[in-house]
Amino acid sequence: MSLFDHQDITVDTEITADVVIVGTGPGGAAAGRVFAEAGLSVIWLEEGPKESRFRPNQANATRYHYQEGGTMIAQGSTLMPVTAGRGVGGGSLVNSALAFRAPDYVLQEWADLLDDDRFSPENAGLIYDEVSAIIGVGITRADIGGENNALIVRGAAALGYEGGWAPRNTPGCIGCGLCNTGCLSGGKGSVDRNLIVMARAAGAKVYADTKVDQVLVEDGRAVGLSGQVHHPDTGEPIARLTVRAPKVMISAGAIGTPRLLFHAGIADQLGPAVGKGLRVHPGSAVLALCDHDVNIWTGATQGAYFHVPGLPGVLPHTFNAPPEVVVMSLMSAGIGGKEAMDMLGKVCGIIVLVSDHGDGSVSATHDGRADIKYYFDDADIDRCKAGMIASARVLLAGGAKTLFAPVRGLGFYDSVEAFEEALMPTTLDDFTNYSAHPMATCRMGLDPETSVIGPSGEAHHLPGLYLADASVFPTSLGVNPQLTTMMTATVIAKGMV
Ligand SMILES: Cc1cc2nc3c(=O)[nH]c(=O)nc-3n(C[C@H](O)[C@H](O)[C@H](O)COP(=O)(O)OP(=O)(O)OC[C@H]3O[C@@H](n4cnc5c(N)ncnc54)[C@H](O)[C@@H]3O)c2cc1C
Ligand code: SF4
């Protein structure tokens, strides 16, 4: 048996392993697979439940599969919800499965910053190949793509933009559009279905329902982790589980890792860069009404993308939302409730992601929740608007008729020119902000003043402690981060065995 939860640990327990890892998301799973296949004994501690509790509704998903019940909010220039996944599989359980590689210019910048060739486009490319094969990355098939994606593919092609059907880790996708509440059909290659299975086959063990709150330090070395085992429905504390290991890895995500380091009281020891440098891929959406049925909530959840010429680091891709969110978007654009229900099926949309130059931080409140700050960079808003205007062009070229957006003050527009004229004077306060891509909060680097770990993954100031997740990115990425999280964690873990 290799998968345990609150039913198995009912009294305080201490065990040992070669490596103990907090978190079973893309980072922790990728690292654990490497360790286990190298013959090390691996134990994962995971706060979320051991088995997916997927239901096709957001309330259930936020309760079990989003960190802090989906209530994390960044304060700063404005209020912005920040989301991250939870459970055995972490964010891959509820993400949209887009599986992009980082652009070569980003990887080269990392290799230069780290003075480490393992992150060069060539070497990272080999690891991307390895991980992509394991998680089943392939180009979204048109037959399960759905009209929302197909319209974007048509529009981008008509305008000659590079892009089209997107790469996703969904080998068995049936196009139900429910990735963000969890894949009920099992068609998504979330890491619980591949990397963690491989590691468990090689002897690794997962302890779910266990929230780590202590990092054990002895004689100046990290030597283990300790967490509270709780009931997944009530949160009731059941027992403490302590794992002692010569290698301690934290892969709790870009919010969870600094949150844990602060809550455990070791952030100060690790230097001034802990929790600093938050990047979030801010962005916004452009929606449109069609004459024909789209049913935006069906088809591969996010299965199309394009690049805007002259706008590197801006990635427009499919916007998907459940019917209730689409109705709210229509109503916030001034449409009455009944009319919005009538229009519901005709809406299509694109979300615009921006590789950001804003700045933020993550620490912990006294009770261990995330304390998140984020300050927008004005130039990022301008690049977002440029991406939105290109997206408006693509939607009309793909067959949509009337443009609108979740931006205060905007109405409905039949031309890109009219949309642009209305959009340009809007400010950050008018935008509906949201982030599902926190990163870069415990950076990898050479300078202990601006980074927490070196290129090996080991903390500058605490031997035996390693980090491997989206928190360690040295810069913002410009593409959806899960595959690069797996690549980075795999590189770090291979260097440790
Ligand atoms: C709704 C949504 C859609 C997304 N869509 C995409 C997409 O299409 N493509 C893409 O590339 N990326 C997408 N992402 C982002 C992607 O999922 C994340 O970048 C990725 O999961 C980060 O991996 P990670 O290992 O760093 O952390 P996470 O995936 O956040 O994993 C961290 C794990 O650690 C656990 N944990 C945290 N703290 C503790 C603790 N104290 N004790 C024990 N366990 C703890 C958490 O429960 C979680 O399981 C999306 C994210 C969301 C939320
Ligand atoms: S769209 Fe595909 S991968 Fe996503 S939940 Fe549906 S079947 Fe699973």
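We count ligands from 1, going down the list as the structure has it; atoms in each ligand are counted the same way. Position 1 is the first residue of the sequence; numbering continues from there.
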**Message:** Can you tell me which residue among L93, N60, T181 is in a side-chain contact (heavy atoms from CB on, under 4.5 Å) with F54?
**Reply:** L93
**Message:** Quick check: E46 and ligand 1, any N/O pair under 3.5 Å apart?
**Reply:** yes
**Asked** Taking heavy atoms and a distance under 4.0 Å, where does M439 meet ligand 1: side chain, backbone, both or neither?
**Response** neither
**Distance-only N or O hit between ligand 1 and G27, under 3.5 Å** = yes
**Prompt:** Closer than 2.8 Å to atom 2 (Fe) of ligand 2, do we get an N, O or S atom from C173, backbone or side chain?
**Reply:** yes
**Asked** Is K205 atom NZ crowded by more than 12 heavy atoms from other residues, nucleotides or ligands, each under 6.0 Å away?
**Response** no
**Prompt:** Within the structure, does S96 bring an N/O atom to less than 3.5 angstrom of an N/O atom in ligand 1?
**Reply:** yes
**Message:** Only heavy atoms of G177, strictly under 4.0 Å: list the atoms of ligand 2 that pass.
**Reply:** 1 (S), 6 (Fe)
**Item:** Atom indices of ligand 1, in the order listed, that fall short of 4.0 Å to a heavy atom of A470
**Value:** 26 (O)
**Prompt:** Of all the non-hydrogen atoms in the protein, which one sits nearest to atom 51 (C) of ligand 1, and at what distance?
**Reply:** A436 O, 3.3 Å
**Request:** Any atoms of ligand 1 less than 4.0 Å from a non-hydrogen atom of T485? List them with their elements.
**Result:** 23 (O), 24 (P), 25 (O), 26 (O)
**Request:** Report the relative orientation of the aromatic rings in Y207 and F4; use parallel for angles under 30°, tilted for 30 to 60°, perpendicular for over 60°.
**Result:** parallel
**Message:** Are any of the N/O atoms on N180, whether in the backbone or the side chain, positioned under 3.5 angstrom from an N/O atom of ligand 1?
**Reply:** no
**Request:** Can you label the angle between the F473 ring and the W110 ring as parallel, tilted or perpendicular, going by 30° and 60°?
**Result:** tilted
**Prompt:** Has C183 got an N, O or S atom lying less than 2.8 Å from atom 8 (Fe) of ligand 2?
**Reply:** yes
**Message:** Any nitrogen or oxygen of V212 lying under 3.5 Å from a nitrogen or oxygen in ligand 1? Just yes or no.
**Reply:** yes
**Message:** Among all the protein's non-hydrogen atoms, which is closest to atom 31 (O) of ligand 1, and how far away is it?
**Reply:** G25 CA, 3.5 Å
**Any N or O of A254 closer than 3.5 Å to N or O of ligand 1** = no
**Fill in**
If you compare A61, G85, A29, G89 by their heavy atoms, the one closest to atom 48 (C) of ligand 1 turns out to be G85
**Request:** Run down the list F473, F100, Y66 and name the one with the heavy atom closest to atom 1 (C) of ligand 1.
**Result:** Y66
**Message:** Looking only at distances, can you tell me whether any N or O atom of V22, backbone or side chain, sits closer than 3.5 Å to an N or O atom of ligand 1?
**Reply:** no
**Prompt:** Quick one: which ligand 1 atoms are inside 4.0 Å of a heavy atom on R86?
**Reply:** 47 (O), 49 (O)
**atom 27 (O) of ligand 1: nearest protein contact (heavy atom, Å)** = G253 CA, 3.4 Å
**Prompt:** Can you list the atoms of ligand 2 that are under 4.0 Å from a heavy atom of T301?
**Reply:** 1 (S), 4 (Fe)
**Prompt:** Within the structure, does L98 bring an N/O atom to less than 3.5 angstrom of an N/O atom in ligand 1?
**Reply:** yes
**Request:** Consider every N or O of G48 and every N or O of ligand 1, then say whether any pair is closer than 3.5 Å.
**Result:** no
**Message:** Q482 versus ligand 1: do any nitrogen or oxygen atoms come within less than 3.5 Å of each other?
**Reply:** yes
**Request:** Do me a favour and list the nearest non-hydrogen protein atom to atom 12 (N) of ligand 1 with residue, atom name and distance?
**Result:** P481 CD, 3.5 Å
